[in-house]
Amino acid sequence: MPCGASCPMGAERAVPATLRVACGRELRSPSPFLQPGRYINDTCDGVTFSGRVEKSQVSKNSEVPFESEEYLISATSRGKEFKLTLTPVKQEHSPPNKGEAQKPMDVIFRFGMSGSFKMTLASEIPKHAHLRFYTKESPPRALCFVDYRRFGRWEVDGSWQPDRGPCVMLEYEKFRENVLKNVSDKAFNKPICEALLNQKFFNGIGNYLRAEILHRLKIPPFEKARTVLENLQHREPDSAVTLSRKVKLKRENPDLLELCHQLPTEVVRLEGKGYDPERSADSTAFEQWLQCYNVPGMKSLRDANGRTIWFQ
DNA sequence: CGTCCACGTCTAC
DNA sequence: TAGACCTGGACGG
């Protein structure tokens, strides 16, 4: 998500990971955010795109009415939302008054259950590539929004959904404040496992992260959210310990809201390892990172919305 | 073959 | 608070 052009993170693999979890089921690589942004900004850095944006016939999302001889693509993210910015490169010899010049355009994405971006040769467009941006080079490549279940959405000239809260990764302090200032909100009448999926407060947390977060703290998933959160409202009083000691304590004993930042950060780092684009090794790394979700021996139940919650 | 399940919204009753 | 929206892999008969 939130990996803008300024994001310093390292190389990204070229292929969205598919991972085999212990029970044998396969999962798309999970980090809801950041990762796609890093992928885009890494693979599109210094690459010039050209022409119009192509949409598949089957997608019900809108056309993306953008066309330019030369343009650049960059990405940013916020929680589970993702933004592509298309920026025309100034033409030296642009014909005077031959139609309107193409202005920069933002396209906001939500990935649903199966959305991802992938850069391929234009001659090898993958199945379910519902939006395609072509490079100018020869042979051309295509940046593809691939989404086999088509739950993903995009919005031309869109903006971050107003009801979604700050990003758990990139806006941690705002995120924390937004939760703690609103503990009386009716959203927190619900069990903590359900509240954690509420994107108004936990923008970026999804089904595997909620399980991992609660599991690390051994919080029973159906404990009332308010009860859990009220315990976090009073920051620890200043004690005599040194700052570095405090930082260390915080890292080693993160509270629930800190874990909402820390765990997805760990996943992003996992997946950022190495340059090898096709390694199956990093799906193994994610599989091994999971301590609870889909892990043999853990229990699971359905929450009130029919989503599976994993716990010990 | 069939049923169940999947990292998420979205909207209609 | 149910479905609806989708494809496809795992597993059962």
Side-chain angles (χ1 to χ4, degrees), chain A residues 1 15-37 39 56-62 77-82 108-118 126-131 144-155 158 160-165 167-169 186-187 189-191 193-215 260 263-268 270-271 282-283 285-296 298 300-310:
Chain A
M1 295 173 121
V15 177
T18 292
L19 35 99
R20 190 171 297 280
V21 177
C23 74
R25 204 172 281 120
E26 292 208 354
L27 294 179
R28 181 176 53 89
S29 170
S31 166
F33 17 10
L34 197 46
Q35 193 209 336
Y39 177 66
S56 72
Q57 284 298 117
V58 68
S59 171
K60 292 173 181 168
N61 286 297
S62 61
S77 64
R78 179 176 188 260
K80 269 182 262 190
E81 290 191 302
F82 184 77
I108 296 271
F109 290 81
R110 265 152 272 132
F111 288 85
M113 297 286 268
S114 57
S116 65
F117 279 95
K118 181 176 185 177
K127 203 178 174 185
H128 306 300
H130 297 300
L131 207 56
C144 300
F145 179 65
V146 182
D147 182 16
Y148 74 92
R149 295 185 72 182
R150 272 181 277 142
F151 292 172
R153 304 281 164 91
W154 63 79
E155 289 165 18
W160 305 128
Q161 280 187 324
D163 288 345
R164 301 182 77 109
C167 178
V168 294
M169 299 197 64
K186 62 175 164 48
N189 295 344
K190 299 189 172 184
C193 73
E194 292 171 22
L196 281 169
L197 294 185
N198 185 337
Q199 302 298 298
K200 185 172 179 178
F201 294 107
F202 297 93
N203 189 7
I205 301 303
N207 203 20
Y208 85 86
L209 284 170
R210 73 169 175 173
E212 295 298 317
I213 290 161
L214 295 174
H215 177 71
C260 289
L263 294 193
T265 302
E266 287 180 16
V267 174
V268 163
L270 270 187
E271 307 195 61
D282 46 5
S283 60
F286 177 66
E287 178 186 332
Q288 290 177 351
W289 179 86
L290 291 171
Q291 295 180 15
C292 181
Y293 180 86
N294 230 341
V295 169
M298 294 295 156
S300 65
L301 286 173
R302 296 312 179 92
D303 70 14
N305 300 308
R307 300 270 256 145
T308 303
I309 174 69
W310 289 82

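Values reported hereafter were calculated over all heavy atoms of this structure, with side chains retained and with hydrogens, waters and symmetry mates removed. Since we're looking at a predicted model, the values are computed, not measured.
Taking Glu212(A) as the reference, Arg216(A) meet the salt bridge (charged side-chain N to carboxylate O under 4.0 Å, His left out) condition, with sequence neighbours excluded.
Rounded to an integer number of Å, the gap from OH of Tyr148(A) to C1' of dT7(C) is 6 Å. Tyr293(A) places its OH atom 12 Å from the C1' atom of dG8(B), with the value rounded to the nearest Å. Between the CG atom of Asn294(A) and the C1' atom of dC4(B) there is a distance of 14 Å, rounded to whole Å. Between Asn207(A) atom CG and dC5(B) atom C1' there is a gap of 12 Å when expressed in whole angstrom units. Nucleotide dG8(B) holds its C1' atom 15 Å from the CG atom of Leu196(A), rounded to whole Å. The nearest whole Å value for the distance from the CZ atom in Arg210(A) to the P atom in dG8(B) is 9 Å. At whole-Å resolution of the value, CD1 in Ile309(A) and C1' in dA6(B) are 15 Å apart. Taking atom CG on Asp147(A) and atom P on dG8(B), their separation rounds to 13 Å, with Å as the unit.
Taking the C1' atom of each, dC13(B) and dA4(C) are spaced 13 Å apart, rounded to whole Å. Rounded to whole Å, the P atom of dC6(C) lies 13 Å from the corresponding atom of dT11(B). As rounded to the nearest Å, dG9(C) and dT9(B) have P atoms that lie 24 Å from one another.
Using a distance-only test at 3.5 Å, with no hydrogens or angles considered, a donor-acceptor pair links the side chain of His130(A) to the main chain of Asp147(A). Between the Trp289(A) side chain and the Val267(A) main chain, no donor and acceptor come within less than 3.5 Å of each other.
Distances shorter than 4.0 Å separate some side-chain N or O of Arg302(A) from OP1 or OP2 on dC5(B). Applying the 4.0 Å criterion to OP1 and OP2 of dC6(C), one finds that Ser114(A) has every side-chain N and O outside that range. Under 4.0 angstrom from either OP1 or OP2 of dT7(C) there lies no side-chain N or O belonging to Lys127(A). A close approach under 4.0 Å does not occur between any side-chain nitrogen or oxygen of His128(A) and OP1 or OP2 of dC6(C).
Between Phe145(A) and Phe111(A), the ring centre distance stays below 6.0 Å. Taking the six-membered ring for Trp, Phe286(A) and Tyr208(A) have ring centres closer than 6.0 Å.
Using modelled atom types and a 3.5 Å distance limit, the side chains of Arg150(A) and Ser59(A) yield no donor-acceptor pair.
In DNA chain B, consecutive stretches of 3 or more Watson-Crick or G-U wobble pairs with both distances under 3.5 Å are given as paired ranges: B:1-6 with C:7-12, B:8-12 with C:1-5.
Pairing each heavy atom of Ile205(A) with each of Leu197(A), the nearest pair is O-CD2, 4.1 Å. Of all non-hydrogen atoms in Cys144(A) and Pro126(A), the two that sit nearest each other are SG-CD, 3.9 Å.
In summary, Glu155(A) and Arg110(A) engage in a salt bridge, as defined by a charged side-chain N under 4.0 Å from a carboxylate O.
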Atom pairs, protein N/O to nucleotides 9-13 of chain B N/O, distance under 3.5 Å:
residue	atom	partner	partner atom	Å
dT9(B)	OP1	Arg164(A)	NH1	3.1
dT9(B)	OP1	Arg164(A)	NH2	3.0
dT9(B)	OP2	Lys80(A)	NZ	2.6
dC10(B)	OP1	Arg110(A)	NH1	2.6
dC10(B)	OP2	Gln161(A)	NE2	3.1

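The CG atom of Asn203(A) sits 8.0 Å away from atom NZ of Lys80(A), with the distance rounded to the nearest 0.5 Å.
Contact annotation: side chain of Arg149(A) to base of dC6(C), donor-acceptor pair present below 3.5 Å.
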